[in-house]
Participant: 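Sharing a structure here in structure tokens format.
These numbers come from the heavy atoms of this one structure, side chains and all, not from hydrogens, waters or symmetry mates. Residue numbers start at 1 and run along the sequence shown.
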Amino acid sequence: MLITSSLKALAEKFGLDFVHGIAPRDYTTNQSPYPSEGSSLSLLVEKALPYALGVNNTRINISNLIIANTFSQRYDIYAGPFTKNDQLTASFYSDRFLYISNVRLSDAKKVLSALNSGTSPPTQRNFKKQENESKEDDIRYVNEKYGAWLREMDHNDVERYATRNQTLGYVTKDSCPGIGDDTPHTPLAYYKLPKFVHSDYPKVAENAPIDLVFIEYIQARVLAFLNAVQTIKYSSSDIGVYSHVLANEALGIYAQAAWN
């Protein structure tokens, strides 16, 4: 009882029960392909970020491309009341969004492709990674291993559609004698995702200048790749804060506008 009452007190203190809106459906990270209507990543980059980052933003009328990392979304969103607690559970990293102006759309697309290629930026190959990036990469490595196990379980389940009466869940198998934890389940669908996702491409010419907007922690990589794909050389002095809305606030701001 003490733990329960203490948790309730904390929830009240931080306003975690505040309802931003009513989610019209489930949005999942890996159980829906990206892009799709049921993808929480599609929701984030195609709807939530363009709206939330545009609130009270003087650059709202300038075409942009927003890049976010897949890893920023940590949990699914379920149909029904979408609370502050749900918002922080789904997206809890408090990163800012930065931007570089007057980047050609074609070059912005090349940066996105390079980010998703998995290669190291030219200027970083012989240097120690920034501490926060190194920690993110370590966690991502563990998640990729876990994800590979989930994909294997999904793809190898040839009886999946013949066992719809089974409950959803993980399937663990062991070679130990006797009754083990080998209860049959129907595994959850699991789709492989790109490392980085993006907003809809602006409807402008490929050589048109746009704002390249990106999550803060990939700043060094964006600069390195951008300088590698065109002749103009950018530095940190060319980077500005695009919005004061943080990554873990965007879904809530969008929900208040779209889900009420």
Participant: Which value, rounded to the nearest 0.5 Å, describes the distance between Phe82 atom CZ and Thr89 atom OG1?
Facilitator: 8.5 Å

Participant: With sequence neighbours excluded, what pairs up with Ser42 under the side chain to side chain donor-acceptor pair (under 3.5 Å) test?
Facilitator: none

Participant: Given Asn69 and Asp95, is the side-chain contact (heavy atoms from CB on, under 4.5 Å) satisfied, shown in steps?
Facilitator: CA-CA 11 Å; Asn69 58 322; Asp95 293 283; 5.8 Å; no

Participant: Indicate the atoms forming the closest heavy-atom contact of Ile218 with Phe214, along with that distance.
Facilitator: CD1-CB, 4.1 Å

Participant: Check residues 43-50 and write down every donor-acceptor pair under 3.5 Å in which the side-chain atom is one partner and the other belongs to a residue at least two apart or another chain.
Facilitator:
none

Participant: Hey, can you pull the donor-acceptor pairs under 3.5 Å for the side chains in residues 248-255, sequence neighbours left out?
Facilitator:
residue, atom, partner, partner atom, Å
Glu249, OE1, Leu246, N, 2.9

Participant: Listed by chain and number, what are the side chain to side chain donor-acceptor pair (under 3.5 Å) partners of Ser91, not counting sequence neighbours?
Facilitator: Gln73

Participant: Can you name the closest pair of heavy atoms from Tyr234 and Asn102 and give their distance?
Facilitator: OH-O, 3.5 Å

Participant: Does a side-chain heavy-atom distance below 4.5 Å link Asn30 with Tyr191?
Facilitator: no

Participant: Rounded to the nearest 0.5 Å, how far does CD1 of Ile232 lie from CG of Asp238?
Facilitator: 9.5 Å

Participant: In Å, rounded to the nearest 0.5 Å, how long is the span from CG of Leu105 to OH of Tyr201?
Facilitator: 8.0 Å

Participant: For Ile210, does its backbone N or O pair with a side-chain atom of Ser63 as donor and acceptor, under 3.5 Å?
Facilitator: no

Participant: Can you tell if the side chain of Arg59 reaches within under 4.5 Å of the side chain of Tyr99, non-hydrogen atoms only?
Facilitator: yes

Participant: Please determine whether the number of non-hydrogen atoms from other residues, nucleotides or ligands lying under 6.0 Å from atom NZ of Lys233 exceeds 12.
Facilitator: yes

Participant: Could you work out, with salt bridge (charged side-chain N to carboxylate O under 4.0 Å, His left out) as the rule, every residue matching Asp76, not counting sequence neighbours?
Facilitator: none

Participant: Residues two or more places apart in sequence or in another chain: which of them pass salt bridge (charged side-chain N to carboxylate O under 4.0 Å, His left out) with Arg25?
Facilitator: none

Participant: Check whether the side chains of Thr83 and Asp86 place a donor and an acceptor atom closer than 3.5 Å, and report yes or no.
Facilitator: yes

Participant: ring-ring contact (aromatic ring centres under 6.0 Å, His included): which pairs involve residues 3-24, sequence neighbours left out?
Facilitator: Phe18-His20

Participant: Using distance only, find each side-chain donor-acceptor pair of residues 107-116 under 3.5 Å and give its atom names and separation, not counting sequence neighbours.
Facilitator:
residue, atom, partner, partner atom, Å
Asp107, OD2, Arg104, NE, 2.9
Asp107, OD2, Arg104, NH2, 3.0
Lys109, NZ, Glu206, OE2, 2.8
Asn116, OD1, Lys195, N, 3.0
Asn116, OD1, Phe196, N, 2.7
Asn116, ND2, Phe196, O, 3.1

Participant: List for me each residue that meets side chain to side chain contact (heavy atoms under 4.5 Å, CB included) alongside Ile22, sequence neighbours excluded, and say none if there are none.
Facilitator: Val19, Pro81

Participant: I need the minimum non-hydrogen distance between Ser236 and Gln219, along with the two atoms involved.
Facilitator: CB-NE2, 3.9 Å

Participant: Side-chain contact test, heavy atoms from C-beta onward, threshold under 4.5 Å: evaluate it for Asn57 versus Val245 and give yes or no.
Facilitator: no

Participant: Report the distance from atom OG of Ser40 to atom CZ of Arg74, rounding to the nearest 0.5 Å.
Facilitator: 11.0 Å

Participant: Kindly write out the residues that satisfy side chain to side chain donor-acceptor pair (under 3.5 Å) with Thr28, not counting sequence neighbours, or none if the list is empty.
Facilitator: Ser32

Participant: For Tyr93 and Ile215, what are the C-alpha separation, side-chain angles and deciding distance, and is it a side-chain contact (heavy atoms from CB on, under 4.5 Å)?
Facilitator: CA-CA 10 Å; Tyr93 289 111; Ile215 204 160; 5.9 Å; no

Participant: In terms of hydrophobic clusters joined by side-chain contacts under 4.5 Å, are Ile62 and Phe97 together?
Facilitator: no

Participant: Suppose the criterion is ring-ring contact (aromatic ring centres under 6.0 Å, His included): which pairs have a residue in residues 21-53, not counting sequence neighbours?
Facilitator: Tyr27-Trp259

Participant: For Asn56, does the CG atom have more than 12 heavy-atom neighbours from other residues, nucleotides or ligands under 6.0 Å away?
Facilitator: no

Participant: Report the distance from atom CG of Leu16 to atom CD of Gln87, rounding to the nearest 0.5 Å.
Facilitator: 10.0 Å

Participant: Calculate, to the nearest 0.5 Å, the distance between atoms CG and CG belonging to Leu212 and Leu98 respectively.
Facilitator: 10.5 Å

Participant: Please say whether more than 12 non-hydrogen atoms of neighbouring residues, nucleotides or ligands are located less than 6.0 Å from CD1 in Ile3.
Facilitator: no

Participant: With sequence neighbours excluded, tell me which residues meet side chain to side chain donor-acceptor pair (under 3.5 Å) with Ser237.
Facilitator: Ser235

Participant: Hey, any chance Leu65 and Val204 share a hydrophobic cluster, counting ILVMFWY side chains that come within less than 4.5 Å of each other, even indirectly?
Facilitator: yes

Participant: Mark yes when over 12 heavy atoms from residues, nucleotides or ligands other than Tyr78 sit less than 6.0 Å from its OH; otherwise mark no.
Facilitator: yes

